[in-house]
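Whatever order the structure lists them in is the order used to number ligands and atoms, beginning at 1. Values reported hereafter were calculated over all heavy atoms of this structure, with side chains retained and with hydrogens, waters and symmetry mates removed.
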Amino acid sequence: MSIMTKINETRDFLTFKGVQAPEFGLILGSGLGELANEIENAIVIDYNDIPNWGKSTVVGHAGKLVYGDLSGRKVIALQGRFHFYEGNPLEVVTFPVRVMKALGCEGVIVTNAAGGIGYGPGTLMAITDHINMTGNNPLMGENLEEFGPRFPDMSDAYTAEYRQKANKVAESLGIKLEGGVYIGVTGPTYETPAEIRAFKMMGADAVGMSTVPEVIVAAHSGMKVLGISAITNFAAGFQTELNHEEVVTVTEHIKEDFKGLVKAILAEL
Ligand code: HPA
């Protein structure tokens, strides 16, 4: 089956399930999926029931699509995303973004847990730009002309207008929202201290194992993007050891601010 046929089939399935005219997609990273529980008039669909959809395998990722109203907007939220390190082809990792576009979403809020290069645990960071260190690109292969051009401009991949609104909202809520460059790696290993020193010299402020493929696909199709990283730890070399439990614990602490911030931003977009 061609990718276009798959996208259309999944779009039609979701429409049939009641996913009507969504305005925004929310991709919720590790530990941040709870936001979807606040969606009103929710239609909840298990990933296993969605045709052509990947399978979610990471602890802390629920594997559900939730559609409904949040802050007066129609949203599709993904509780759990697909990672490259799980062995998913990037076509699978980015498929939900394609479907969001096909359903008519104008923008997407992409969130993640990330290691801080400079920023410390507990920081919320609006992504200003990214560095793709995955050695791969989800747009390789035949270009989907229906979505966008062969050689898409990435100069404003993280939409300045959305970020300005996010900064204003954060200020009004008294939540500190930093800004910085996200460097996307494949994982699943955390980085070596030497890699982090190199990334720092390259201009990165946060490092993580997601987001970059989804944002490339969103930008290709002209979707507006807001990226938010929850910094869960100092990156390798800035602290003695790294582990997933710490990422989960710190996310627990940031998530109230995170949820409040994203809800308030949505109302303004
Ligand atoms: N590196 C990569 N991904 C991450 C990290 C990190 O330090 N923390 C949370 N996700």
Side-chain angles (χ1 to χ4, degrees), residues 26-35 56-63 78-88 90 93-94 109-136 138 158 176-216 225-259 261-262:
L26 301 179
I27 301 179
L28 302 171
S30 295
L32 305 171
E34 261 189 37
L35 179 58
S56 177
T57 65
V58 193
V59 181
H61 291 263
L78 301 186
Q79 276 182 321
R81 59 146 61 83
F82 309 117
H83 299 87
F84 202 27
Y85 64 71
E86 293 170 278
N88 294 303
L90 288 181
V93 172
T94 59
I109 302 182
V110 187
T111 68
N112 57 57
I117 307 176
Y119 293 131
T123 307
L124 290 171
M125 184 189 94
I127 304 176
T128 55
D129 203 348
H130 77 218
I131 298 170
N132 178 6
M133 274 297 285
T134 64
N136 211 320
Y158 297 83
K176 186 132 188 66
L177 182 62
E178 303 286 358
V181 173
Y182 177 92
I183 189 163
V185 295
T186 64
T189 54
Y190 288 113
E191 302 66 42
T192 63
E195 285 165 345
I196 294 299
R197 285 194 299 275
F199 294 169
K200 189 176 162 72
M201 278 192 275
M202 291 164 75
D205 300 292
V207 56
M209 306 175 192
S210 65
T211 301
V212 163
E214 291 115 311
V215 170
I216 290 173
V225 174
L226 177 67
I228 299 181
S229 290
I231 307 293
T232 54
N233 55 277
F234 283 111
F238 293 111
Q239 64 177 54
T240 46
E241 53 163 19
L242 298 182
N243 59 69
H244 186 62
E245 288 65 42
E246 183 192 10
V247 171
V248 173
T249 315
V250 175
T251 319
E252 277 291 309
H253 287 105
I254 319 183
K255 74 184 180 198
E256 290 309 319
D257 270 2
F258 169 82
K259 287 193 286 189
L261 181 64
V262 173

Check: Ser229 side chain, Ile231 main-chain N or O, donor-acceptor pair, under 3.5 Å: no
Any sub-3.5 Å donor-acceptor pair from Asn112's side-chain atoms to Gly29's backbone N or O? no
What short N/O contacts, under 3.5 Å, does ligand 1 make with the protein, listed by atom pair and distance?
residue, atom, partner, partner atom, Å
ligand 1, 1 (N), Glu191, OE1, 2.8
ligand 1, 1 (N), Glu191, OE2, 3.3
ligand 1, 7 (O), Asn233, ND2, 2.9
ligand 1, 8 (N), Gly115, N, 3.3
ligand 1, 8 (N), Asn233, OD1, 2.7
ligand 1, 10 (N), Ala113, O, 3.4

What residues, two or more places apart in sequence or in another chain, satisfy side chain to side chain donor-acceptor pair (under 3.5 Å) together with Thr111? none
Among pairs that include at least one residue of residues 178-191, which meet salt bridge (charged side-chain N to carboxylate O under 4.0 Å, His left out), considering only residues two or more places apart or in two chains? Lys176-Glu178
So, the side chain of Asn132 versus the backbone of Asn136: is there a donor-acceptor pair under 3.5 Å, distance only? yes
When the side chains of residues 116-130 are checked against the rest of the protein, which donor-acceptor pairs come out under 3.5 Å, sequence neighbours left out?
residue, atom, partner, partner atom, Å
Tyr119, OH, Gly179, O, 2.8
Thr123, OG1, Gly120, O, 2.6
Thr128, OG1, Gly180, O, 3.1
His130, ND1, Tyr158, OH, 2.8

